[in-house]
Amino acid sequence: MAALGDIQVGYFTPDYTAYQQALGLFMRISPSPLLHRNVHEALMSSEEFEFEAGGRGLGAMLLSNPANPTGQSLEGDELEAYVKISRDLNCCLLMDEFYSHYYYDGEAVSPEDGGADDDSNWPKTVSSASFIEDVNADPVVIVNGLTKNWRCPGFRVCWLVAPKPIVEMLGSAGSFLDGGANAPLQKLALPLMDLDFIRKDTWALQRHFKMKRDFLLTELPKIGITVKWEPTATFYIWADLSALPPPLNDCLCFLEECVKHNIICVPGVFFDINPREIRHLTKSKCINFVRFSYGPPMKNLTKGIEQMGKMVSYWRKHQMTSSTYARESFDM
């Protein structure tokens, strides 16, 4: 981000929590939120993006695709339009594609369900790379790595696709700061790049995570938690707490109670990207949302749902406002 210079960098909200630090750390960058005119839309249309990016004079746009935390995805004609708009406006697209193997709405049939088990039958994946005409000319930077799609976070190995000058510049920066990724783990990662392995692993990944996603989508409404946008990708659910009894309809109070029941989730306000903290936390439009992960084993998800049901049942009988809850918790 420091190498971008004196420019405006656009971002969506909600989006990945770490973007807040990335956008707020370097004073030469002017963060610029792109807000949805229609709050009921999970994704911004390419037409609206063109209007916003062109009108603001954005020099870059940072986004996760598929999106963390909503599990929604720009793809097909819309993703192609985003790439074209960035090309026309000379606005650099910074594409975080770390979850690009986690898709659940593909049309191909998996080998376990009778589909061909060879190179002719690939599971659905999405990347803006499909629409790049000239990697050294198009203003698109794609970041991916072993952390999510290959489930090897300890390797600390990632890569990018970008114009050659950007790759060389970041290579120099990495060499100066920490020497880059260590060589033994890079060598260990090479077998994971085998295309046949990737195809088989992605099929297995999608089958396994879809099962856990469907479990949560079935069980969460039973305890009063709604899901506005069914995730088609990632392993997260962006859940709406609005219908829960207070104080559980406040994501921060909800987390406090979850911890008491050995449940972990991430409050929605953490995804309401707020570089340099110019907005007040309690005024966040994400105050009634949390992100659930279906990454853990199924037995953990089952136990979590059971404990959450007990928690909600208790607060239906002992309701209080979130402000009262906060005061009482602080006094304790």
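Here, residue 1 is the first one in the sequence, and each next residue gets the next number.
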Centroid separation under 6.0 Å, is that true for the rings of [Y] and [X]?
X    : Y    : answer
F271 : W238 : yes
W150 : F98  : no
F292 : Y236 : no
Y102 : F235 : yes

Is a side-chain donor-acceptor pair under 3.5 Å present for [Y] with [X]?
X    : Y    : answer
R291 : N68  : yes
E97  : S128 : yes
S46  : E78  : yes
S73  : E75  : yes
T321 : T324 : yes

Work out which heavy atom in [X] is nearest to a heavy atom in [Y]; give both atom names and the distance.
X    : Y    : result
W122 : L195 : CH2-O, 3.3 Å
R56  : S32  : NH1-OG, 2.8 Å
L241 : C251 : CD1-CA, 3.8 Å
Y103 : P66  : OH-CD, 3.4 Å

Original post:
Out of curiosity, does F254 fall in the hydrophobic cluster containing I264 (side-chain heavy atoms, cut-off under 4.5 Å, transitive links)?
Top reply: no
**OP:** Please answer: with hydrophobic residues joined when any side-chain heavy atoms are less than 4.5 Å apart, are L94 and F12 in the same cluster?
**Re:** no
Subject >> Working for side chain to side chain donor-acceptor pair (under 3.5 Å), residues S100 and N144 >> reply: CA-CA 8 Å; S100 55; N144 206 330; 3.3 Å; yes
Original post:
What distance do F270 atom CZ and L255 atom CG have between them, rounded to the nearest 0.5 Å?
Top reply: 7.0 Å
Original post:
Could you give the distance from CG (L63) to CG (L93), rounded to the nearest 0.5 Å?
Top reply: 6.5 Å
**OP:** Is it possible for you to check whether K212 lies under 6.0 Å from the centre of the six-membered ring of F215, through NZ or CZ, and within 45° of that ring's axis?
**Re:** no
**OP:** Quick one: do K260 and E256 satisfy salt bridge (Lys or Arg N to Asp or Glu O under 4.0 Å)? Show the steps, please.
**Re:** CA-CA 7 Å; K260 296 175 186 177; E256 287 288 332; 5.9 Å; no
Subject >> Step-by-step side chain to side chain contact (heavy atoms under 4.5 Å, CB included) determination, T13 to L35 >> reply: CA-CA 7 Å; T13 179; L35 304 178; 4.1 Å; yes
**OP:** Given salt bridge (Lys or Arg N to Asp or Glu O under 4.0 Å), test K228 with D240 step by step and report yes or no.
**Re:** CA-CA 7 Å; K228 191 171 188 179; D240 188 350; over 6 Å; no
Original post:
Mind checking whether Y294 and Y104 have parallel, tilted or perpendicular rings, split at 30° and 60°?
Top reply: tilted
Original post:
Should the pair H318 and W315 be assigned to parallel (<30°), tilted (30 to 60°) or perpendicular (>60°) ring geometry?
Top reply: perpendicular
**OP:** Assess whether salt bridge (Lys or Arg N to Asp or Glu O under 4.0 Å) is satisfied between D118 and R199, documenting all intermediate values.
**Re:** CA-CA 9 Å; D118 57 37; R199 178 179 59 81; over 6 Å; no
**OP:** Give a yes or no on whether the backbone of K124 and the side-chain of Q206 come within a donor-acceptor separation of less than 3.5 Å.
**Re:** yes
Subject >> Donor-acceptor pair, side chain of E257 and main chain of L248, under 3.5 angstrom >> reply: no
